> 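Just dropping this structure here.
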Amino acid sequence: MRCPHPTAQKGQTEGTTRSASSVRGWTSSVRAERAAAPRPRWSPPGRSWRATGHDRISVRSPTPPPLPVPGAGLAPLVADRQVPGGNRSGRYSRRVSGATPRVRFSPAPTGYLHVGGARTALFNWLFARGCGGSFLLRIEDTDVERSRPELVLAILDSLRWLGLDWDEGPVHQSDRAERHREVVAQLLAAGAAYRCDCSQDQVRARAEERGGPPGYDGWCRDREVGPGEGVVVRFRTPDEGRTSFEDVVRGEVSFDHKVVEDFVIQRSSGAPMFVLANAVDDLDMAITHVIRGEDLLSATPKVLLVREALGASERPVFAHLPILVNDKRQKLSKRRDDVAVGDYRERGYLPEAMVNYLALLGWGPPDGIEIRPLGEIVERFRLEDVNQAPAFFDVEKLTHVNGVYLRSLPSSSFVGAARPFLEREPWASGGDGGDVDGNGEALEGFEAFARLAPLVQERVATLAEVPGMVDFLFLDEPVVDQGSWDKAMKPPADEILDATLAAYETAPWTSAALLASLRAVGEELGLSLRKAQAPVRVALTGRSVGPPLFESLEVLGRERSLARLRAARERL
RNA sequence: GCCCCCAUCGUCCAGCGGCCUAGGACGCCGCCCUUUCAAGGCGGCAACACGGGUUCGAAUCCCGUUGGGGGUGCCA
């Protein structure tokens with residue numbers, strides 16, 4: 001059972017110490033069952049799996065349905081316990097009484113989607129898709145000064161590229177400002193919040209003075225500050241007790257109220273703060289499972305406190321995913337690290353590979369088969385199997401995964417996927433060329449590439465590597481790599497070239513015949529084919545590495561090939 | 001400083017008290033295949049942070065230490 005979780009805990013703030021048994025006990029019984037389940041077998045990548053992958057999942061047009069009426073209350077989230085020994089998928093019902101799971105991905109509009117966000121979005125999506133729940137999108141743009149509408153476009157674009165389709169939204173928090181103000185007023189009226197006119201400098205100064213921990217000291221709690229310039233609204237945090245909650249990936253987490261300061265819920269501008277908007281919107285949107293980064297773990301008690309103050313009787317299930325880190329094991333950052341999903345797209349990674357790799361950060365399939373269609377990942381993904389330690393975003397492994405996907409592509413798809421990467425090269429003009437009929441007529445540009453594609457395909461790990469491998473098909477003269485030239489064009493390169501030239505004048509223009517001829521040339525000179533092909537390859541492509549030589553010759557055609565051999569011979 | 005979280009090969013994951021002489025994957029090294037380079041095949045190197053407990057038995061449970069990270073904003 002992947003989903004509905006034994007959810008919702010009743011509110012439990014004042015020092016309630018709840019045992020972890022509900023979730024843990026449930027978890028282990030499921031684990032035991034999983035261990036007993038038959039091991040699924042590896043299904044080889046190929047056409048069929050592509051069809052079963054997320055290709056099939058269509059991106060629904062995001063038409064925002066109306067939000068539930070504010071204050072209408074949450075559907076109960078408590079999962080029904082079912083009699084053990086029920087269906088294969090688990091001992092607990094898929095059903096959450098009264099509500100299907102609803103999760104959301106709620107990025108801030110930063111202008112692009114970064115890999116950490118993508119991973120969070122993916123895990124939400126996997127969870128939702130795995131249990132028939134809904135995956136919603138919400139843009140957390142309460143900070144008006146920092147958000148502009150166009151900044152969300154790139155995020156949506158990357159999400160679509162990855163195939164993470166959403167069922168509702170995107171809801172913009174900025175559109176809900178009125179609702180947020182209403183809630184703040186409500187909290188104010190109830191005495192759960194108060195106005196504060198302390199400047200940030202004052203707050204800091206007092207903190208230093210008392211030598212205690214930085215943070216707000218409650219100065220304005222009873223000063224009855226009225227509305228005005230520079231006045232914020234703060235939430236009144238309980239002085240006693242603690243807020244505890246059961247986190248699906250971490251077990252019980254607990255915060256003493258003493259360390260939760262009276263936080264700002266409304267800016268002096270009247271705009272709501274993150275915690276307030278987040279709590280209110282999750283409530284109004286009837287979010288049942290909050291799956292987000294661990295960096296938000298310490299914001300959770302605040303959210304819970306706000307919900308409680310609003311009279312919410314149920315809590316969502318929380319799952320704080322381990323953060324993604326760089327090689328120094330610090331949180332991935334925009335400044336130091338390559339984090340934009342869009343950049344990986346530009347660098348020749350396939351969305352399927354990206355998503356597959358991302359699923360492996362903080363989670364692993366029970367059968368150990370890491371590279372597989374998304375549909376199979378959906379079937380196997382379970383929130384409670386997410387592990388707790390930060391994960392290093394390893395581009396090398398991503399690249400490997402990408403290579404596997406690239407190789408498994410039908411040739412025509414590979415050609416199509418590579419085309420944009422070719423087209424951004426200055427030399428890649430169209431070219432329709434002739435055909436190859438054994439008479440050595442030339443194919444040009446893309447057509448030649450298409451012919452060679454299957455051989456190129458298994459030699460690249462990213463699409464960005466393609467141009468460098470096939471440029472000689474497009475260029476009139478190959479770009480000569482000096483290192484390759486120096487290495488290959490030593491004696492007896494002259495003899496090889498001369499003999500090859502002679503042989504190729506008349507040889508049938510097929511890769512097999514071309515191979516046989518060069519082998520014969522080599523034998524005559526007492527050279528292995530390995531040695532003999534080197535000067536020919538460099539003459540033809542400009543490089544010492546590349547696609548198989550004889551197919552390249554064939555596709556390039558007799559005239560162009562001979563011209564290059566002659567040119568190289570003259571340069572010697 | 002304070003709060004919270006985390007800790008198995010270099011990296012990602014497996015491990016749920018005996019099946020562990022700790023398994024898989026990436027990377028790395030070697031060999032094979034081979035027209036270059038890949039791919040593929042075979043093999044190898046490589047980890048339970050430390051110290052106490054609990055137990056007949058601990059990588060697995062508990063406590064502590066150390067180390068790392070996150071948070072501590074009128075950012076999210």
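Because the structure is predicted, anything quoted here is derived from the model rather than measured. Proteins come first, then strands; the chains are lettered A, B, ... in the order of their sequence lines, and each starts at number 1.
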> When we call it a touch if two heavy atoms are under 4.0 Å apart, what does Glu261(A) touch: a base, just sugar-phosphate, or nothing?
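Sugar-phosphate: the residue Glu261(A), judged by heavy atoms under 4.0 Å, touches backbone atoms but no base.
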> Taking the nucleotide of RNA chain B with the closest heavy atom to each, which residue, Leu529(A) or Ser254(A), is nearer the 5' end?
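Its nearest nucleotide being more 5', the pick is Ser254(A).
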> So, is Arg530(A) near the phosphate of U34(B), with a side-chain N or O under 4.0 Å from OP1 or OP2?
no
> Can you find an N or O donor on one side and an acceptor on the other, under 3.5 Å apart, linking the side chain of Arg543(A) with the base of U36(B)?
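Side chain to base: no pair below 3.5 Å.
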> Ion pair present between Asp385(A) and Arg380(A), side-chain N to carboxylate O less than 4.0 angstrom?
no
> Using only heavy-atom distances, decide whether a donor-acceptor pair under 3.5 angstrom links the side-chain of Glu370(A) to the base of G24(B).
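Counting by modelled atom types and ignoring angles, a donor-acceptor contact under 3.5 Å is found here.
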> Using a heavy-atom cut-off of under 4.0 Å over every strand shown, decide if Val232(A) touches base, sugar-phosphate, or nothing.
base
> Select base, sugar-phosphate, or nothing to describe what Pro390(A) touches, counting heavy atoms under 4.0 Å on all strands.
sugar-phosphate
> Pick base, sugar-phosphate or nothing for Val545(A), based on heavy-atom distances below 4.0 Å to the nucleic acid.
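Answer is base: heavy atoms of Val545(A) come under 4.0 Å of a base.
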> Nearest to the side chain of Gln388(A), heavy atoms from C-beta on, is which of C6(B), C12(B), A76(B)?
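Of the options given, the side chain of Gln388(A) lies nearest C6(B).
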> With a non-hydrogen cut-off below 4.0 angstrom, is Glu140(A) in contact with a base, only sugar-phosphate, or nothing?
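Sugar-phosphate contact only.
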> Between Thr399(A) and Glu396(A), do the side chains contain an N or O donor and an N or O acceptor separated by less than 3.5 Å?
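No pair is found: no donor N or O on one side chain lies under 3.5 Å from an acceptor on the other.
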> Nearest to the side chain of Phe550(A), heavy atoms from C-beta on, is which of G73(B), C13(B), U35(B)?
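For Phe550(A), the side-chain atoms sit closest to U35(B).
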> Taking NZ, NE, NH1 and NH2 as the nitrogens, is one of them in Lys487(A) or Asp481(A) under 4.0 Å from a carboxylate oxygen of the other?
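No, this pair does not count.
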> Is it the case that the base of C37(B) and the side chain of Arg459(A) share a donor-acceptor contact (distance under 3.5 Å, atom types as modelled)?
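For Arg459(A), whose side chain was compared with the base of C37(B), there is a donor-acceptor pair (under 3.5 Å).
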> Across the strands shown, which category fits Glu551(A) at heavy-atom distances under 4.0 angstrom: base, sugar-phosphate, nothing?
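Here Glu551(A) touches the bases of the nucleic acid.
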> Between Glu370(A) and Lys397(A), does any NZ, NE, NH1 or NH2 come within less than 4.0 Å of an OD or OE carboxylate oxygen?
yes
> Considering only C4(B), U11(B), C74(B), which nucleotide approaches the side chain of Gln200(A) most closely?
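The answer is C74(B).
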> Which is true for Ala391(A) with a 4.0 Å heavy-atom rule: it touches a base, it touches only sugar-phosphate, or it touches nothing?
sugar-phosphate
> Strictly by Watson-Crick or wobble contacts shorter than 3.5 Å, is anything paired with A49(B), and which nucleotide is it?
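U65(B) - that is the nucleotide pairing with A49(B), both distances being under 3.5 Å.
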> Check the angle between the aromatic planes of His320(A) and Phe318(A) and answer parallel, tilted or perpendicular using the 30° and 60° thresholds.
parallel
> With a 3.5 Å cut-off and heavy atoms only, can you find an N or O donor on one side and an acceptor on the other between the side chain of Ser298(A) and the base of C3(B)?
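Result: no qualifying N/O pair found.
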> OP1, OP2 of G71(B) versus side-chain N and O of Lys331(A): anything below 4.0 Å?
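Yes.
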> What's Pro547(A) touching, base or sugar-phosphate or nothing? Going by heavy atoms closer than 4.0 Å.
base
> For Arg407(A) and Ile139(A), find the nucleotide of RNA chain B closest to each by heavy atoms; which residue's nucleotide sits nearer the 5' end?
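Checking each residue's closest nucleotide, the 5'-ward one belongs to Arg407(A).
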> Given U35(B), C75(B), G69(B), which nucleotide is nearest the side-chain atoms of Met273(A)?
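Closest nucleotide among those given: C75(B).
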> Give the nucleotide from the list U35(B), C26(B), A7(B) with an atom nearest to the side chain of Leu549(A).
U35(B)
> Taking the side chain of Leu297(A) as its heavy atoms from C-beta onward, which of C4(B), A14(B), A25(B) lies nearest to it?
C4(B)
> With hydrogens left out and only the distance checked, is there a donor-acceptor pair under 3.5 Å joining Arg329(A)'s side chain and the base of U11(B)?
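No, no donor-acceptor pair under 3.5 Å.
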> OP1 or OP2 of U36(B) versus the side-chain N and O atoms of Gln533(A): is any pair under 4.0 Å?
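No, Gln533(A) has no side-chain N/O under 4.0 Å of OP1/OP2 on U36(B).
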> For the pair Arg347(A) and Asp338(A), find out whether any cationic side-chain nitrogen is under 4.0 Å from an anionic carboxylate oxygen.
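Yes.
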> Indicate, with a heavy-atom threshold strictly under 4.0 Å, whether Phe392(A) touches base, sugar-phosphate, or nothing.
sugar-phosphate
> Base, sugar-phosphate, or nothing: which does Gly230(A) touch, judged by heavy atoms less than 4.0 Å apart?
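Base: the residue Gly230(A), judged by heavy atoms under 4.0 Å, touches a nucleobase.
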> Any carboxylate oxygen within less than 4.0 angstrom of a Lys/Arg side-chain nitrogen, looking at Asp262(A) and Arg236(A)?
no
> Just call it for Leu398(A): base, sugar-phosphate, or nothing, with non-hydrogen atoms closer than 4.0 Å on any strand.
nothing
> Taking only the P atom of each, what is the distance from G23(B) to C4(B) in whole angstrom?
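Rounded to whole Å, the distance is 37 Å.
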